[in-house]
Each structure stands twice: as C-alpha cells, then as structure tokens.
Asks: 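Could you have a look at this structure, given as structure tokens, before my questions?
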Protein chains: 2
Amino acid sequence: MAATIFDVAKHAGVSIGTVSRVLNNKDRVSPATRERVLKAVRELDYHANAFARGLASQESNTLGLVIPQVNDPFFFQIVRGVEDAATDEGYSLLIASQPRPAHEHRYLDLFRRGNVDAMVLVAIDVYLHEIQQIAARGVPIVLAQQDVGKNIPAFLADNYSGSRAMTEHLLGHGYRRLAYIAGTNYTPDSRERLRAMQDVLAEHGLSMGPEYIVPGDYLQDSGYRAMLELLQRPVLPEAVFAANDQMALDAMRAIQENGLRVPEDIAVVGFDDIPMSSYVSPALTTIQQPVYEMGWHAAKRAIAMIGPEENVEERTLASPRVMLLPASLVVRKSCGC
Amino acid sequence: MAATIFDVAKHAGVSIGTVSRVLNNKDRVSPATRERVLKAVRELDYHANAFARGLASQESNTLGLVIPQVNDPFFFQIVRGVEDAATDEGYSLLIASQPRPAHEHRYLDLFRRGNVDAMVLVAIDVYLHEIQQIAARGVPIVLAQQDVGKNIPAFLADNYSGSRAMTEHLLGHGYRRLAYIAGTNYTPDSRERLRAMQDVLAEHGLSMGPEYIVPGDYLQDSGYRAMLELLQRPVLPEAVFAANDQMALDAMRAIQENGLRVPEDIAVVGFDDIPMSSYVSPALTTIQQPVYEMGWHAAKRAIAMIGPEENVEERTLASPRVMLLPASLVVRKSCGC
DNA sequence: CTGAAAGCGCTTACAG
DNA sequence: CTGAAAGCGCTTACAG
C-alpha cells in the first residue's frame, strides 16, 4: 500500500506536522530536519494523497475546463493554451466536454463539489444563473470565446475587426456582390462577423440582400449545402465569406464540382485558419484567430482570481472584464490574390 | 458557503449516515426517509464534496488520461473515445498531456496520489517500471497505441495488416519500385508498417533498397524534406508510402512543386486518414485507424479493472492482453485509382 | 431501517 | 523550530 504521512514521519523521527511543513515549505524548518524528512520521502516514495490534502486545505490545485464536444482543431488549440498555463502555475487540469446542444448541464456538478479552484468555460451553452451559482461558492469562472455579461471575465477573438478586415480586402479586389454563409448561434461569432461585413458594405454605399445570406452550422457539409443554395441565385455572388474555414472549404468544393472556378468565377474566404486551409487548392484566404492565446490568457486569469472568497468580486473587477484578442487576415489564393 | 452533509442531515432530521446512504443508495432506506433527505438536498442545493468522498471511500470516480502534447486530430479522437466511455461509466476525466520527448515524467505524480481510480496512457514515453509502480498501488493501467509487454493491457491499431493491405494495393497497380518515408520511433507504428511492407514485397520476390527508405518524424514538413531526398535518386520510385498522412501530404506537395504529377509520375499513399486527406488534390489513398474506438475500448477496459486491489492481476489476465483493432484501406486518387 | 462513531490522510492554528 | 491536536466532510462497519 502507498506510504502515508505517518509512515514518513515515523521513518524520519518527526511529527506529521513537520513533514507537512517540509512538503509545503510554508513555515521555517531547520535544514537538518528538512533533509531527514526529504530523505524519508524519497525512500518511501511518498506522494501526498490528493483528497486528504484537498479536504484539509480546501484547495484542489486543479483548474476545471468545460469545452464543447466538437471535433474541431480550433478547440483543441484552446485546450493546449489552457493546459500550458495551468501547468505553468502548478495546476492540474480537469476537463469535461459538453455535448452540444446541451439540455442538461450536469457537467457543472463536477465543479460544484469543490473539485476545482477555478474554471474556464469555452464556447459552451451556459446560463448566467448557473455561472453565478458556482461563482457564489467562491470558484472563479472565466469564459473563452463566449460572453454572458455581468462581471464574468471573458476572452474573445476580435471577430468584428477581423471580419471588417476581410470585407475590406474583398472590396479591394473589386467584388461588389458578396454572400455570407452563417454559422450557428451557439456563440455570437457568426453574428458579429456578419455585422462587421454589413457595416463595411454600408460604409461603401453597398449592401447584401437577404438571399445572399444563407444559414450554416459550422460543421462538415453545411457549407456545401449552403453553397448549392447560393448557386441557384439568378445572379451569382462574386465572393462568398463563410463564417468558418470548414464551411468555406465545403463551399469551394461545391463550386468546383459545379464546373466553376475559385477564385476566377467566385472567390471564397473563411475564418479560423485551420491547418487544412493551407493545403487545399486554391489555398484559402482566411482570418487567423489567436486560439491558443485565448486559452492561455483565460486560464491565467482564472488562476489569478483564486484566493479568499471575500475578494472574488474585487479581484474580478481589478482587470478589464472583456479582452478582445486580435484576429488577423491571412491572405492566400482563394480570394483572387 | 456550500452546504455540507451535516446541514442536510439537520434539515431532514436524520443522521449524516442516513444522508450518505440515500445519496449512494447502497443500503435500504425507508421511502419516507429517502424522500425527506432528497427534499433537503434539493432545497439546500447540496453537492457532496469530492475530496471528502474520495478520502473516505478511497475511490475517486475519476479516470486519468495521459496523452502526448501533439497538435494532431489523431489524438483528439482518442480523447473523445476515452471521454465518452468514462462518461458512460459515470467517471470524470483527468487529463495530463505530455510533452514529447519527455525527459521527466512528472505527470505520473498526478496519478500516484490517489487522484484516479484507473488510467489510460496513449502513445506516451513511459518506462515499464513506472507503470508497474503505479499498478502496484492498485491503479489499473491500460495502454492505447503503445505496448510495453508484461501484463499491461494494450489497444493498438493493426498496423501490420493495414500496411500489408496498402502494399498489396500498390503492387496491384503494377508498381515495383516502392519507397517508404518513416516516422519516429516513439511508437512502434512506423517499424511495424515498414515490416509489413517488406514482408509483402518479399512474398512477391521484390525488395526495397535502403536508399528508398528515408527517415521522417511524423510532423509538418518532414515529409517534404524526405521527398526532396527521394527525388535525388537516379531512379525515382514509382510509389511512395509515408508512415502517416501528414508526411504523405507534404510529400505530394514536394512532388508537385518539382513539376511532377501525382499519381501519374509518382503515386503517394499515407496512413491515418486525417480529415485533410480527403480535401487535397488528388485525394489521398490511406489507411483508416479506429482511433475513437481505441480510446473507447481502452477506457472501458481500464474502468472494468477497477476493484479490490488483490484482484488486479487476476482481472488483468481475464481478457486478452493485446487487442489489435482493424485498420482499413481507404482508396482515393493518389494511388492511381 | 437508522444512529453513533471511527477513520480516511492531510493542513494549520496554537502552544511552547 | 517543532509537536499535539483539532478539523476538513465524507463513508462504512457495527450495534440495535
């Protein structure tokens, strides 16, 4: 059986309190005693029991992460950012991934039980009252790629600016009839991107008719179907902006299978810069999101908020609540460049 | 502050033992009492503290997963399989991802502390003695995409059969001069695939000279460099088998950038069937691995092994130790079909 | 069917 | 600098 703190104490000839102090190096311990304890730890291959430690200290040293259960490299990058930040701070990572759409939010139970000291929620369907309920237990929460307002910190990509830059770029090519393939509303991304597009068009005295805005769901094949719909229009669009790369790639495929060329007949651009986008032909012009950074910052912020319960609110308000991380234009071939 | 079991007990007018019994429904409790307790739980929004429960019961209800820190959809799919299986069994998932190559194995500490009831290790650099050390603590371990022998269960893709099928397919096209772009040795995959290839060639009275076997590392760009090397050969290969799709795609790029055509001048095939492979032109012929299933089975097996410590070995031996999951040929265009 | 109590393995004031 | 002891919030034999 695994050694306990009692075994170590006996082996080193000290009390368990001293062993604990050495291991957590909080109080002063004499060098000689410390050495003896450390030696005993080594010899017995002692590892403090995480439950006992958590129960006694009321800290888990664990960061919780809730992320949509979507097979998307996008989310994978966020996880890496969160994990690196957590590791950097000496925290473990407990991950729960959430089916989408979620009718029950049982995953939150995980975090209501004192399992985690703080948590990061990524692009997940949550209700404000649930978040506040957890925050009220003293567990700081930070959102990534999602915002619910109140005093919950959020790290988002600057979708609006990114989409503006893309739209300006398309107009720079001389395109006037643009179309948009929308994503779902599970995060406000798609709407923000559309809004930016419409704003830029309006600034140039242009607009996009409703028949050129078709729904999609961000997932495989939905861009294909949406593009087929656009190809029915009496007047074809000159350029199609898809709310993410996956749909943009599918749209390109639909165009090509219908005997038209990208970008000569119809230009196509996306959003996200997934790895595949540089491999297809023509390579996809898109917007790169700071995905890894989003996870990293969100985790760092969440961990920074850990502390005495009384101060949660105060600490929350010390920094700007919403951080918009820059999204940058990646110009390749599919736009006509 | 969060309600404890004492609050619930007082509120329901029973002892904490009874509350515990209701919540874990182990022993008989009268329906009336049960109802009163449940009502109190609801009213106080009680959630049992995970640490206290873990400490008292000596179970965490958590499955640990260690996975390489590689940005690869391949591993992402394994995580999903593991997670689905864990959720299915009512287990939480604690994930640690391991930089590769790993000189320290500190992530194992996480699991030496009683944090998890069982663990799954995916394609990770581990030493047998470390695994046995953990197993000796009564924590069952299952490997995925890796095998270290002894009595540690392992779930692997059937690399040998998959590679055989691919090689036969290439020979069926009439190709006789094959080349191989190898992966790293961090898992035995690459060697197994090469071995199968050589076996099939030998069975047909053929062989592959050492100058047609070039090293790669599975990662971005390594296929490109390897292919440039192959293009230096006085006699070019007719078909190139890369140990994974990523390298195969890079190899295709190298060929095309040198003014040759795939598959007319040189055929290229890969292994893994990553999403990108169906998007490139020509679409890549490859071998699909049962990645999700590997994770799913490994997790199910690990959880099944949880139980009284005395029986770990016995339970381990009850089922076949190594499970080879089928890898199937996906024929597209890059092979010449 | 239910309660009282020991025990899980730590941390952390409190004394000295 | 170090020890003795309370306490963290549960589970689970043991009685009754």
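Note on naming: letters A, B, ... go to the chains in the order of the sequence lines (proteins, then strands), and numbering restarts at 1 for each one.
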Asks: Could you encode protein contacts along nucleotides 8-16 of chain D as a string, one character per nucleotide from 5' to 3', using B for base contact, S for sugar-phosphate-only contact and - for no contact, with a heavy-atom cut-off of under 4.0 Å?
Replies: BBBBBB---
Asks: Across all strands shown, which nucleotide pairs with dC14(D) by Watson-Crick or G-U wobble geometry, both distances under 3.5 Å?
Replies: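 Matched dC14(D) with dG3(C) under the 3.5 Å cut-off.
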Asks: On a heavy-atom basis, which atom in Thr4(B) and which in Asp7(B) lie closest, and how many Å separate them?
Replies: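 Result for this residue pair: N-OD2, 2.8 Å.
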Asks: Does a side-chain N-to-carboxylate-O contact under 4.0 Å join Glu89(B) and Arg301(B)?
Replies: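 Arg301(B) and Glu89(B): not salt-bridged.
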Asks: Going by the rule side-chain contact (heavy atoms from CB on, under 4.5 Å), which residues pair with Asn24(B) if we only count those two or more places apart in sequence or in a different chain?
Replies: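 Asn24(B) satisfies side-chain contact (heavy atoms from CB on, under 4.5 Å) with Ser20(B), Lys26(B), Arg53(B) once adjacent residues are dropped.
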Asks: Is it true that Lys39(B) and Glu35(B) have a side-chain N and a carboxylate O under 4.0 angstrom from each other?
Replies: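 No, this pair does not count.
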Asks: Might you point out which heavy atoms bring Val139(B) and Ala118(B) nearest each other, and give the distance in Å?
Replies: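 Of all heavy-atom pairs spanning Val139(B) and Ala118(B), the closest is CG1-CA, 3.7 Å.
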